[in-house]
Amino acid sequence: MVQAIGGGLIFHFYKRKVSGLLRGGLLVIPGLILIGTTFAFALNRSTKVTAKLSEVFFVLSNYFAVALQVFFIVLACYSVGLWCIDKVKMELQPISKTAVSISSGIMIIVMIAFILGIFKGLYWFTLGPILLACIALNYKKTFQFFKHLCVDTLKPSKQLGFLGVFSFLMLLFIIQLNLLQNISPFPKGWDSLSLYVKLPTIINDYHGLVRGYQPYNWSLLMSFGLILFDSVETVLALSFLGGILSLLGLYAIGKDVLKIDQNYILLGLLIFYLIPSVAFQSFLEQKVDLGLLYIVLTLIILLFHWIKDRNTKIKKDENAFTKFNLQAWKNPYLITMGLLTGFAFGIKLTTLFTYFCIICVMWFIEFGFIGFIGSSLLCCFAILIIRLDDMSGMREYHLSANYLQWILLLIGSSTFVYFFLKSKKGFFRSMRFSVVYSVFFVLMTLPWITKNYIDSDMKLSFRYLLNGKTNEPAAGLNYMKRTYQKHLQNKEGNSDK
């Protein structure tokens, strides 16, 4: 707090003199000094033992090592992601471009690791050269990014004031403290121990994909910490990384999309990072939700840019995206949105709601509120007809679901007939956008669906396709009910004998 207030006041009164001295890497040094002091004070207070200088340096060296390892992985993701974005000529603002580049790079590298995992090829001598090749692929721009981030003089915005500097310094210090909490030989939370950190450990042991489980893209990324560096601390830090990247995504939305004052953006980021659910997953319970949030935020960035690109092209040509050509299929925003949504679905299955929301937005911008309602009803019909509500084992207790799904289909289809009669161009345009987006979404989910289909001994069950089948016994309500009924039948049969 003192550091943040002091830094804010110094910047406020000596802005011109201080601005020329600020360099990206230097901002980390005061935080590290405070972290070392905090560690020594905490050790002295909790154990009544005075911390030695060598112990403080040991903690800081371990801290630096984990930070550099995570930065190496992020740099590789940024490099290959930026290369792909430049190839498809996607026009984005600098901050948004960085956010989308990293998320696209994570998707590409994780899918490469998925392919290696199929053949039990996840070793440091296979994965390490791939990451180095990703950096070398776009080495010039990657070096510029590194130089700008760590060496170049920072150029603060003219609107930046005390509030923004205070929020930024507080945020930086909290991030450093949270990372320090992740420098641990084992996770502290139950979910981490039982699933999210257990999976990377099993992946490292098998050097490949693990049988069963829901898709685990982010856990596959987290396994890089053990595969490359044999470090549980790096595994935990890669889970923690999702929160940092989410801050980048929120900053990009505030600055490039919503055009909010920079001071308020930084204050909003500080408030967001102090939310209990975010803070809890940043230093105590290492899960994949913050990584999922980051991918969803990049989807929002791409969605806004796609809407802008769509409206610009329709103004130039009213028949845009209505003819039978590849114009809609060549849209880089739409394709990347579909691929990233499929990748996010491979992190957590709740992304399916994000997919439905984006579909609804596509119809909303063409037909307004009625378009949103009609597409929402059809999405709800899809959820019920493919029995997504059965994942909890409670579908048989939803007494009206079988009737409700057909009512939703009838009302939703009626609205689509109305859209067709109102504007055939708008209807076909929205339909093409939805199909293109859905095709690339499904394309990215196919690897996990295929894996789970094989794991479940070729059983064509929606639950098995999403969750896979492990060697562990089932634990659903229906399974327990059937087991109990068999137990009663056996008991009655034995009594008759």
Side-chain angles (χ1 to χ4, degrees), residues 61-81 102-137 142 179 182-187 189 191-245 286-288 290-292 294-295 343 346-348 444 447-448 451 455 468 470:
S61 62
N62 203 3
Y63 177 94
F64 261 118
V66 172
L68 289 174
Q69 289 163 6
V70 173
F71 183 71
F72 167 70
I73 295 172
V74 172
L75 200 64
C77 295
Y78 169 81
S79 179
V80 69
I102 295 174
S103 62
S104 301
I106 289 174
M107 175 182 67
I108 293 168
I109 290 176
V110 168
M111 294 318 295
I112 293 173
F114 181 92
I115 296 171
L116 289 175
I118 294 174
F119 303 102
K120 306 294 182 184
L122 287 174
Y123 294 90
W124 67 267
F125 53 81
T126 57
L127 195 57
I130 289 174
L131 294 182
L132 291 173
C134 289
I135 294 175
L137 182 67
T142 304
L179 179 57
N182 287 279
I183 309 299
S184 171
F186 54 85
D191 289 340
S192 306
L193 285 166
S194 61
L195 178 61
Y196 296 110
V197 179
K198 182 182 81 170
L199 266 176
T201 305
I202 301 174
I203 292 169
N204 180 56
D205 291 339
Y206 277 82
H207 303 291
L209 302 179
V210 182
R211 177 184 170 89
Y213 296 101
Q214 292 184 2
Y216 43 85
N217 277 332
W218 201 267
S219 292
L220 193 55
L221 175 69
M222 289 165 60
S223 69
F224 289 8
L226 285 168
I227 296 169
L228 293 172
F229 309 109
D230 194 25
S231 169
V232 176
E233 293 91 337
T234 308
V235 172
L236 302 180
L238 286 169
S239 172
F240 158 83
L241 175 67
I244 309 304
L245 295 177
Q286 291 82 7
K287 300 170 71 174
V288 299
L290 294 178
L292 173 63
Y294 166 61
I295 303 298
F343 178 75
I347 297 175
K348 213 163 189 179
M444 187 54 66
W448 284 109
K451 171 194 170 293
D455 287 347
T470 65

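Residues Lys120 and Tyr206 are in side-chain contact: their nearest non-hydrogen atoms beyond the backbone lie under 4.5 Å apart. With contacts defined as side-chain heavy-atom distances shorter than 4.5 Å, the pair Ile203/Leu226 does not qualify. In this structure, the side chains of Met111 and Met444 come closer than 4.5 Å at one or more pairs of heavy atoms. A heavy-atom distance below 4.5 Å is not found between the side chains of Asn182 and Val66. Between Asn204 and Thr201, the closest side-chain pair of non-hydrogen atoms is not below 4.5 Å. For the pair Pro185 and Val232, the minimum side-chain heavy-atom distance is 4.5 Å or more. Residues Val197 and Ser239 are not in side-chain contact: their nearest non-hydrogen atoms beyond the backbone lie 4.5 Å or more apart. Two residues are said to be in side-chain contact when any heavy atoms from C-beta on lie closer than 4.5 Å; Phe343 and Ile106 meet this criterion.
When all heavy atoms of Pro200 and Ser219 are compared, the closest pair comes out as CG-O, 3.5 Å. Between Cys77 and Ile102, the shortest heavy-atom contact is CB-O, 3.9 Å. Between Tyr123 and Ile227, the closest heavy-atom pair is C-CG2, 3.6 Å. The two residues Ser184 and Leu236 come nearest to each other via the heavy atoms O-CD1, 3.6 Å. For the residue pair Ser79 and Cys134, the shortest heavy atom distance occurs at OG-O, 2.7 Å. Closest heavy-atom contact between Met222 and Tyr196: CE-O, 3.5 Å.
In this structure, the separation between NZ on Lys287 and CG on Asp191 is 4.5 Å, given to the nearest 0.5 Å. Of the inter-residue distances, the one linking Leu75 atom CG with Thr142 atom OG1 reads 5.5 Å to the nearest 0.5 angstrom. Summarising the geometry, atom CG belonging to Leu195 is positioned 9.0 Å from atom CD1 belonging to Ile202; distances are rounded to the nearest 0.5 Å. Interatomic distance, Asp205 CG to Leu122 CG, rounded to the nearest 0.5 Å: 12.0 Å. Between Leu241 atom CG and Trp218 atom CH2 the span is 5.5 Å, to the nearest 0.5 Å. Summarising the geometry, atom CD belonging to Gln214 is positioned 12.5 Å from atom CD1 belonging to Ile347; distances are rounded to the nearest 0.5 Å.
Using modelled atom types, one finds no donor on one side chain facing an acceptor on the other under 3.5 Å when comparing Trp124 with Asp230.
Relative ring orientation between Tyr216 and Tyr213 is described as perpendicular, the plane-to-plane angle rising above 60° on a 0-90° scale split at 30° and 60°. Using the six-membered ring where Trp is involved, Phe72 and Phe229 have ring planes that are perpendicular, over 60° apart on the 30 and 60° scheme.
Aromatic rings from Trp448 and Phe114 are positioned such that their centres are separated by under 6.0 Å.
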For this session: Starting from the C-alpha separation in whole Å, work towards a yes-or-no answer on side-chain contact (heavy atoms from CB on, under 4.5 Å) for Asn217 and Val288.
Result: CA-CA 9 Å; Asn217 277 332; Val288 299; over 6 Å; no
Exercise. Ile109 and Phe224: side-chain contact (heavy atoms from CB on, under 4.5 Å), yes or no, with the steps?
Worked result: CA-CA 11 Å; Ile109 290 176; Phe224 289 8; 3.5 Å; yes
For this session: Decide side-chain contact (heavy atoms from CB on, under 4.5 Å) for Leu131 and Leu228; before the verdict, give the C-alpha distance in whole Å, the side-chain angles of both, and the deciding distance to 0.1 Å.
Result: CA-CA 10 Å; Leu131 294 182; Leu228 293 172; 3.4 Å; yes
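Checking side-chain atoms of Lys198 against main-chain N and O of Ser194 turns up a donor-acceptor pair under 3.5 Å. Side-chain atoms of Tyr63 never come within 3.5 Å of backbone atoms of Ile183 as a donor-acceptor pair (strictly under, hydrogens ignored). Listed for the His207 side chain is no donor-acceptor partner under 3.5 Å among the backbone atoms of Gly121.
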